[in-house]
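Each chain gets a letter, A, B and so on, in the order the sequences are listed, and its residues count up from 1. A quick note: this is a predicted structure, and the numbers were derived from the prediction, not measured. Note: hydrogens, waters and symmetry copies are ignored here, and every other heavy atom, side chains too, is used.
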2 protein chains.
Amino acid sequence: MLSKKTKYGLKALTFLARRDVKGPVQIAEISRSENISQKFLESILLTLRKAGILGSKKGKGGGYYLIRDAADVPMTDVIRVLEGPIAMLPCVSLNFYEKCDDCPDENACSVNKLMIQVRDSTLQIFRHTSLADLISE
Amino acid sequence: MLSKKTKYGLKALTFLARRDVKGPVQIAEISRSENISQKFLESILLTLRKAGILGSKKGKGGGYYLIRDAADVPMTDVIRVLEGPIAMLPCVSLNFYEKCDDCPDENACSVNKLMIQVRDSTLQIFRHTSLADLISE
DNA sequence: CTATTACCCTACAAGTTTGATAGGATAAAA
DNA sequence: TTTTATCCTATCAAACTTGTAGGGTAATAG
């Protein structure tokens, strides 16, 4: 299940991408428009900034803004930053790999093989979908 | 992320499907072979029995066994019973649908559209993979 | 230079889920 | 009637999720 953190993050990003004027947007405005707890959203936007997806400006007239063009923000980046691994099992994850305690031989594990298929098909979608695709649909 | 419950359940099912002799297999044997806590596995197998995927026999010589042929056990069934919804968002789930609190219009939600794509591609895999496919790979 | 604005950061807390354990009840077979 | 193995409920610690509190810091306005 997708966490609210990720869902809220995606909604905030689409909100920013949809704006024609590209100046900074305050947390309060996004939180109001998207029905997200302001403080919770604050921590999410901070994460996205540290990940290099958002930029920020302090003080009056400050806020958050997209650092790259929306077309250059693939879903893979956003999901990995907010949700973590895309794979359903650590032993199948490309970016967060971890061995299973219970599995003696990964290559002989049928669950592993199944989850590789799921990972690949999900990855294909996330790789070919950018923030720009999200708002144009 | 796939829970251990689902992972263990799948491993137990493949263990049963792989056996040539089709008699009941005791929890203890599966737990030993697959490195799963016996008591935890007990509750998982019970769930699978109540869902009509496994049958059981009490007393000496008892245990669990597959009720249907492995080819007639699709992954969709197993995953939904053990893991719950296949979709990453309740508002996108076919079998466990729930409206989002924060979304005024589901059809206008870009996150919703994205997750429908993910759901469909994952569903396609699970629908076309049976327990028999799992052990033959 | 000072007040205001708005992001920055850490800590924390309630609620839920997960993974696992304990212990006895029940049914079948020897 | 004893043994075996599933059935079932309760419980529990640890982890995670969602959200709140509160002060620190940098930028801007006047």
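Looking at A/L48 and A/L13, their side chains come closer than 4.5 Å, going by heavy atoms from C-beta outward. A/Y8 has its side chain out of reach of A/E34: every pair of non-hydrogen atoms, C-beta onward, lies at least 4.5 Å apart. Two residues are said to be in side-chain contact when any heavy atoms from C-beta on lie closer than 4.5 Å; A/R18 and B/S110 meet this criterion. The closest side-chain heavy-atom distance from A/M88 to A/R119 is not below 4.5 Å. Side-chain contact between A/Y97 and A/V92 is absent, with no heavy-atom pair separated by less than 4.5 Å.
Dashed line: the shortest gap from a side-chain N or O of B/K39 to OP1 or OP2 of C/dG19 is not under 4.0 Å. Of the side-chain N and O atoms in A/S43, none sit less than 4.0 angstrom from OP1 or OP2 of C/dC9. In terms of phosphate contacts, A/R49 brings a side-chain nitrogen or oxygen within less than 4.0 Å of OP1 or OP2 of C/dC9. A close approach under 4.0 Å does occur between a side-chain nitrogen or oxygen of B/S37 and OP1 or OP2 of C/dT21.
For a distance-only test at 3.5 Å, the side chain of A/E42 qualifies as a donor-acceptor partner of the base of C/dC8.
Distance A/L54 CG to C/dA6 C1': 15 Å, rounded to the nearest Å. Between the P atom of C/dC9 and the CG atom of A/L45 lies a distance of 13 Å, rounded to the nearest Å. Between the CD1 atom of A/I30 and the C1' atom of C/dA6 there is a distance of 12 Å, given to the nearest Å. Rounded to an integer number of Å, the gap from CG of B/L41 to P of C/dT18 is 18 Å. Residue A/L46 contributes atom CG, which lies 17 Å from atom P of C/dA6 at whole-angstrom precision.
Under a 4.0 Å N-O distance rule, the pair B/K4/A/D102 does not qualify as a salt bridge. Ion pairing between a basic and an acidic side chain is recognised when a charged N comes within 4.0 Å of a carboxylate O; B/K113 and A/D133 show no such pairing. Taking a cutoff of 4.0 Å between a charged side-chain nitrogen and a carboxylate oxygen, B/R127 and B/D120 do not qualify as a salt bridge.
If you walk DNA chain D from 5' to 3' and mark each nucleotide with an atom closer than 4.0 Å to a heavy atom of chain B, the marks span D/dT4 to D/dC8.
The side-chain contact (heavy atoms from CB on, under 4.5 Å) test applied to B/T6 returns B/L2, B/S3, B/L10, B/I79, B/L82, B/E83, not counting sequence neighbours.
Using a 4.0 Å heavy-atom criterion, one finds that A/I27 contacts the sugar-phosphate atoms exclusively.
Judged by closest nucleotide on DNA chain D, B/G63 is the one of B/G63 and A/G61 placed further toward the 5' end. Residues A/G59 and A/Q38 each lie close to DNA chain D; by heavy-atom proximity, the contact nearer the 5' end of the strand is made by A/Q38.
The A/K60 side chain lies nearest to C/dT5 when the options are C/dT5, C/dC9, C/dC8.
Residues from residues 1-15 of chain B with heavy atoms under 4.0 angstrom of DNA chain C, sorted by number: B/S3, B/K4, B/K5, B/Y8.
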